[in-house]
Amino acid sequence: DCLIFRSLNEAARQELAGRAYFKRFASKEPIFQMGSPGQSMMAIASGVVRITAPTESGREIILADLPAGEVFGEVAMLDGKERSAAATALTNCELLVLERRDVVALIRHDPDAALRLLELLCARLRRSEERMTEIAFLEVPARLARTLIRAAAEAAERSRVQPVKLSLAQGELARMIGSSRENVNRCLKEWQRHGLIDLKDGWLLVLDPQGLEAHAHR
Ligand code: CMP
């Protein structure tokens, strides 16, 4: 059940699903590199896919962790240029691969499907815009607070266990907000002292989302 399929009528859905094929990736396995050619897009049937981009300084920035139901690889598939970021399986993943020719055929005879794909691109654009503005205008604590609030909200959608437990290492958080592990650690330690979060057995527990919210707007 993913965005691109949801809008389709049964016939179109069958048609596209009939042409798509599954591909499995093991945890940590690369799916594609940034800059490689790409003629297909992928819908995530199960697992989590991490989208990253290397930076000039040889580090990488984590652009998104996409859960099941999300689609990626649509940019190169549509514009015929190289992949704009790298994709890696963060867990074992099952991907439904859609080839350009099949998606183009679908777009040609189903304007609703084309609209759905545009909505997907717009959602991505909005998110990138938001992230870029955050990195440009907010200090590290506010960026970190927003990232934790977002991750906690996504985790809460998947499981109702309270408090929300995140399996994000401090280095990962740093790569999500474009900062250093040291800065992230300093911030988390302070929030731990104030009871907003807890760090236990490699987990990050979000104890007080409202308290974090106050830091998100500083
Ligand atoms: P594509 O350029 O084909 O390959 C990399 C994919 O990563 C890209 O398509 C998008 O699907 C996805 N992607 C690129 N940038 C972002 C971002 N900022 N947030 C989420 N996904 C992205």
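Owing to the predicted nature of the structure, the values given are computational and were not obtained by experimental measurement. One-based numbering, in listed order, for ligands and for the atoms of each.
E130 has no carboxylate O lying under 4.0 Å from a charged side-chain N of R126, or vice versa, which leaves the two without a salt bridge.
At a heavy-atom cutoff of 4.0 Å, ligand 1 is surrounded by F32, I51, L63, A64, F72, G73, E74, V75, A76, R83, S84, A85, R124, S128.
Side-chain atoms of R19 never come within 3.5 Å of backbone atoms of D102 as a donor-acceptor pair (strictly under, hydrogens ignored).
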Could you give the side-chain donor-acceptor pairs of residues 25-44 under 3.5 Å, partners two or more places apart or in another chain?
| from | atom 1 | to | atom 2 | distance (Å) |
| --- | --- | --- | --- | --- |
| S27 | OG | L90 | O | 3.3 |
| E29 | OE1 | A26 | N | 2.8 |
| S36 | OG | Q33 | O | 2.7 |

Please list every donor-acceptor pair under 3.5 Å in which a side-chain atom of residues 198-217 meets a protein atom from a residue at least two apart or in another chain.
| from | atom 1 | to | atom 2 | distance (Å) |
| --- | --- | --- | --- | --- |
| D198 | OD1 | Q192 | NE2 | 2.9 |
| D208 | OD1 | Q210 | N | 3.3 |
| D208 | OD1 | G211 | N | 2.8 |
| E213 | OE2 | H217 | NE2 | 3.0 |
| H215 | ND1 | R218 | NH1 | 3.1 |

Identify all side-chain donor-acceptor contacts of residues 164-173 below 3.5 Å with residues at least two apart in sequence or on another chain.
| from | atom 1 | to | atom 2 | distance (Å) |
| --- | --- | --- | --- | --- |
| Q170 | OE1 | N185 | ND2 | 2.7 |
| E172 | OE1 | A169 | N | 2.8 |
| E172 | OE2 | R50 | NH1 | 2.9 |
| E172 | OE2 | R50 | NH2 | 2.8 |

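Note that CG of L16 is 10.5 Å distant from CD of Q14, once rounded to the nearest 0.5 Å.
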